[in-house]
Amino acid sequence: PLAFVTFVALRGIVSHSGMSPLMSRRTLVLGTGAEAVAVERSMADLGHAIRFLGFFPAKKTDSAHQVPGNRILTGGMDLVDAARRYKADEIIVAVRERRGGVLPLRELLDCKLMGVRVLDLSSYYERAVGQLRLDSLHASWLIFGEGFRQGFTRTFIKRLFDILASSALLLLAAPVMLGAAVVIALESGFPILYRQERVGQGGRLFDVDKSRRTRRDAWRAGPRHD
């Protein structure tokens, strides 16, 4: 709750202090098809976090644009020139079909070497809305994505936090758990706990003990509604 209140307060201060344009990312979208249209629509929910510059056609000979013509950055520029002229901070590659030389790979590499961040659709949606859209997933993103690699430091810190947080919550919940155990024993006798099998990291099986909230051997009769 404290983090949420702090975040909302800071966002309100930034929005009303005139600092939003300074903190927003200048974003250029590579592509002019349906994916590019969807990206622009999603930007509307981000408010001042993104300053949309326009669309750049992924293939100069492709005239099947689905975006307004006045939003397309033309004028004989290549992608590097457009990124430099409009001072782009990031480029979102909104192109579904990438084969056949559609993507200007060399120009994207030059932009990245200039310090411009390059995002594909999956990475953009993960950052913008906290979701992974299935229609934007590619096998290359799953293979080269960073989300599967934790690192020793992050793993150690996460494990330490899990142990400390669970220990604190266990102490706080101990009176409630004890009261529930007494009520279960008085109502339907022992056992108070029942055990279920779960699957953990790496496919490892382990048992979890839970407070019994049903009658003993209720599973034998199958699911039922009273």
Side-chain angles (χ1 to χ4, degrees), residues 1-31 34-56 67 71 73 82-83 86-95 108 111-138 140-177 198 200-201 208:
L2 180 61
F4 175 77
V5 172
T6 303
F7 174 77
V8 173
L10 289 176
R11 184 167 183 174
I13 293 173
V14 171
S15 299
H16 295 86
S17 63
M19 297 175 59
S20 296
L22 299 177
M23 301 183 66
S24 61
R25 296 183 297 272
R26 300 174 61 86
T27 304
L28 186 151
V29 175
L30 177 62
E35 291 77 15
V37 175
V39 168
E40 184 187 20
R41 290 174 180 172
S42 67
M43 289 181 181
D45 300 330
L46 300 179
H48 298 289
I50 287 183
R51 183 178 178 183
F52 179 58
L53 301 176
F55 302 96
F56 191 88
V67 299
R71 308 295 299 277
L73 306 178
Y86 294 98
K87 300 179 180 179
D89 296 318
E90 63 183 9
I91 298 174
I92 300 174
V93 182
V95 179
L108 285 172
C111 289
K112 195 163 187 177
L113 294 175
M114 288 168 44
V116 180
R117 188 177 185 184
V118 179
L119 298 173
D120 60 359
L121 284 175
S122 300
S123 299
Y124 165 73
Y125 283 119
E126 182 182 19
R127 186 194 69 183
V129 299
Q131 299 175 351
L132 291 178
R133 291 183 45 166
L134 296 180
D135 57 353
S136 66
L137 283 178
H138 296 277
S140 59
W141 184 85
L142 295 174
I143 295 173
F144 298 109
E146 297 292 334
F148 295 97
R149 292 193 293 270
Q150 295 287 341
F152 174 78
T153 303
R154 182 171 180 178
T155 301
F156 174 78
I157 294 176
K158 180 182 182 302
R159 184 58 177 168
L160 181 62
F161 174 81
D162 290 343
I163 294 175
L164 295 178
S166 59
S167 299
L169 292 175
L170 182 62
L171 291 176
L172 293 175
V176 179
M177 296 170 61
R198 293 288 188 268
Q201 184 177 6
V208 57

Spacing of [X] atom [atom1] and [Y] atom [atom2] [to the nearest 0.5 Å]:
{"X": "Leu160", "Y": "Thr155", "atom1": "CG", "atom2": "OG1", "answer": "12.5 Å"}
{"X": "Ile92", "Y": "Tyr125", "atom1": "CD1", "atom2": "OH", "answer": "8.5 Å"}
{"X": "Ile91", "Y": "Arg117", "atom1": "CD1", "atom2": "CZ", "answer": "12.5 Å"}

Self-check item: ring pair (Phe, Tyr, Trp, His ring centres under 6.0 Å) against Tyr86, all qualifying residues, sequence neighbours excluded
Solution: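 Partners of Tyr86 by the ring pair (Phe, Tyr, Trp, His ring centres under 6.0 Å) criterion come out as none, since no residue qualifies.
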Practice problem: Using modelled atom types only, decide if a donor and an acceptor are shared between the side chain of Ser42 and the backbone of Val39 within a distance under 3.5 Å. | Solution: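 Side chain of Ser42 to backbone of Val39: a pair is present.
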Quiz item: Just by modelled atom types, is the Asp89 backbone N or O under 3.5 Å from a matching donor or acceptor in the Arg25 side chain?
Solution: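 The answer is no, because no donor-acceptor pair under 3.5 Å joins these two groups.
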Quiz item: According to the salt bridge (Lys or Arg N to Asp or Glu O under 4.0 Å) rule, which pairs have a member within residues 159-171, sequence neighbours left out?
Solution: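 Listed by first then second residue: Lys158-Asp162.
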Could you report the tightest heavy-atom contact between [X] and [Y], atom names first, then the distance?
{"X": "Val118", "Y": "Lys112", "answer": "CG2-CB, 4.3 Å"}
{"X": "Arg198", "Y": "Val208", "answer": "CG-CG1, 3.7 Å"}
{"X": "Val95", "Y": "Gly31", "answer": "CG2-CA, 4.1 Å"}

State which residues pass side chain to side chain contact (heavy atoms under 4.5 Å, CB included) with [X]; sequence neighbours excluded, sorted by chain then number.
{"X": "Ala88", "answer": "Leu28, Leu53, Ala83"}
{"X": "Ala34", "answer": "Gln66"}
{"X": "Arg71", "answer": "Glu40, Phe52, Phe55, Pro68"}
{"X": "Thr6", "answer": "Leu2, Leu10"}

Quiz item: Considering residues, nucleotides and ligands other than Met114, do more than 12 of their heavy atoms fall under 6.0 Å from its CE?
Solution: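 More than 12 within 6.0 Å, yes.
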Self-check item: side-chain contact (heavy atoms from CB on, under 4.5 Å) between Leu30 and Leu108, worked out
Solution: CA-CA 10 Å; Leu30 177 62; Leu108 285 172; 4.0 Å; yes
